[in-house]
Amino acid sequence: MADWQKLEKKYMMDTFKRLPVTIVKGHGVRAWDEEGNEYLDFIGGLAVNVLGHSHPVVVKAVANQAREIIQTSNLVYSVPQVKLAKLMIEHSCMDKVFFCNSGAEACEGAVKLARRYGMIHRKGAWEVITATKSFHGRTLAMTAATGQSKFQEPYEPLPEGFVNVAYDNVDAIKKAITDKTCAVMMEPIQGEGGVNVPSDDYLKEVRSWCDKKGILLILDEIQTGMGRTGTLFAYEQYGVEPDIMTLAKGLGGGVAIGAFMAKEKVSVFEHGEHGSTFGGNPLACAAGYATLNYVLKNGVVENCKCVGAYLAKSIDGLKKESTLVTGVRGRGLLLAMELSREIAADFVLECMKEGLLLNAVTPSAVRFMPPLITTEEDVDEAMVIVKKVLARVGKK
Ligand SMILES: Cc1ncc(COP(=O)(O)O)c(C=O)c1O
């Protein structure tokens, strides 16, 4: 058998700190490595696989679409694109959508749209306020938007036009707003920053301050969207509506796709002002349509809410069993187990050896983001491994 991990080192840029496992197959919540070992996959493709690995409806949609047509250009109309757009608009507070290929591209497009809006409606305002510990992607501009110095320092000087302020602090936003500000961009719950949930009123206060100043609110729902937090979009739980929203990850049920959506009044792009070769390609849109349609018709979001609550309770219950666990944060099936020591990476490695895939989102927090079709039985199975590993790691 080829040593894929060795070959990866030889041929690929060493950008990812990977778990020492080569996954070759997946169905639902389960994945298998090349030796046939089975894993309960609670990384879920990093919040991508809302329906689990290779869900039959996604497989069928992709296969059927591939037989018809895989790619057209955006110089012609395309049915899968329009079908997905219609479904997304009908089930969100948004009026228009633009399709792209990733989360970073979606956020980048959202910022471009906000700048166009600022140019037209706010006397050329172009700055965007974002939060510390946020994550909006890896393009150069989104690195500037992402309020984490570890991602920014290697690439300085960064593009101008982003002001990073403290998260969950309305005053910090109020102070940062100037005549140059066109938008505030943030995640309803910060994912990559450590699963940070803001105070209940935070988004409402940010929304009303934006309204007062005539500034746009961009919500990055790339990680929180598509049902992940127990409602189709997280904004629904906070009683606010954004002017622009970005999506990617779960939108294609495993196939790469991104999108930004906007209210009618904000949809100011004219012909040629934005574009993409692959954005909205038939294959990705067919996968997206099949995924969202299934999510809406099969109680997937409701399942996420129930099983998420069950998982949160199970994690919280571990506090009684181990002093290593200090709490749980997050909503739905976007949860982080808080640890008393910086052992998340070691913990995750030990879980992998026992057949459970998890993510060390910070040195002292382990992220759980399984598919939204995960059952309570899957959670129980995961907890058996978590408890076993806690007992072992606790002794070290
Ligand atoms: C909230 C958020 N925005 C943007 C991105 C970037 O998405 P992508 O990796 O698809 O570019 C991510 C990725 O983790 C994310 O969590």
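Ligands are counted one by one from 1 in listed order, and the atoms in each one are counted from 1 as well. Values below: every heavy atom of this structure, side chains too, minus hydrogens, waters and symmetry copies. Small disclaimer: the values here were computed from a predicted structure and weren't measured.
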key: Parallel, tilted or perpendicular: rings of Y117 and H121 (30°, 60°)   = tilted
query = To the nearest 0.1 Å, how far is atom 3 (N) of ligand 1 from its closest protein heavy atom, and which atom is that?
reply = D220 OD2, 2.7 Å
task = Report the nearest protein non-hydrogen atom to atom 16 (O) of ligand 1: residue, atom name, distance rounded to 0.1 Å.
result = Q223 NE2, 2.8 Å
query = Does an N or O anywhere in G103 fall below 3.5 Å from an N or O of ligand 1?
reply = yes
ask   = Using 30° and 60° as the class limits, which term best fits the ring planes of F269 and H274: parallel, tilted or perpendicular?
value = parallel
request  = Check for a donor-acceptor pair, side chain of E187 on one end and backbone N or O of G191 on the other, with a separation under 3.5 Å.
outcome  = yes
message = Looking only at distances, can you tell me whether any N or O atom of K249, backbone or side chain, sits closer than 3.5 Å to an N or O atom of ligand 1?
response = yes
task = Measure from atom 9 (O) of ligand 1 to the protein's non-hydrogen atoms and state whether any distance is below 4.0 Å.
result = no
key: More than 12 heavy atoms of other groups within 6.0 Å of E68 CD   = no
inquiry  = Counting neighbours of CZ on F151 that are heavy atoms of other residues, nucleotides or ligands and sit closer than 6.0 Å, is the number greater than 12?
reply    = yes
query = Can you tell me which residue and heavy atom of the protein come closest to atom 12 (C) of ligand 1, and the distance to 0.1 Å?
reply = F135 CD2, 3.5 Å
task = Below 4.0 angstrom from a heavy atom of I222, which ligand 1 atoms are there? Numbered from 1 as shown, please.
result = 2 (C), 3 (N), 4 (C), 5 (C), 12 (C), 15 (C)
task = Go through ligand 1 atom by atom and flag the ones less than 4.0 Å from a non-hydrogen atom of E192.
result = 14 (O), 16 (O)
request  = Sort out for me which residue in D220, N196, T224 forms a side-chain hydrogen bond (donor to acceptor under 3.5 Å, both in side chains) with Q190.
outcome  = N196
message = Determine whether a donor-acceptor pair (N or O, by modelled atom type, separation under 3.5 Å) exists between the side chain of Q237 and the backbone of T229.
response = yes
task = Run the numbers for me: atoms of ligand 1, each under 4.0 Å from some heavy atom of E187, listed by number.
result = 1 (C)
query = Counting both backbone and side chain atoms, is some N or O of A104 under 3.5 Å from an N or O of ligand 1?
reply = yes
query = When only distance counts, is H136 in polar contact with ligand 1, meaning an N/O pair under 3.5 Å?
reply = no
inquiry  = Does atom NZ (K174) have a neighbourhood of more than 12 heavy atoms from anything else shown, all under 6.0 Å?
reply    = yes
task = Examine ligand 1 and decide if any of its atoms is less than 4.0 Å from a heavy atom belonging to Q190.
result = no
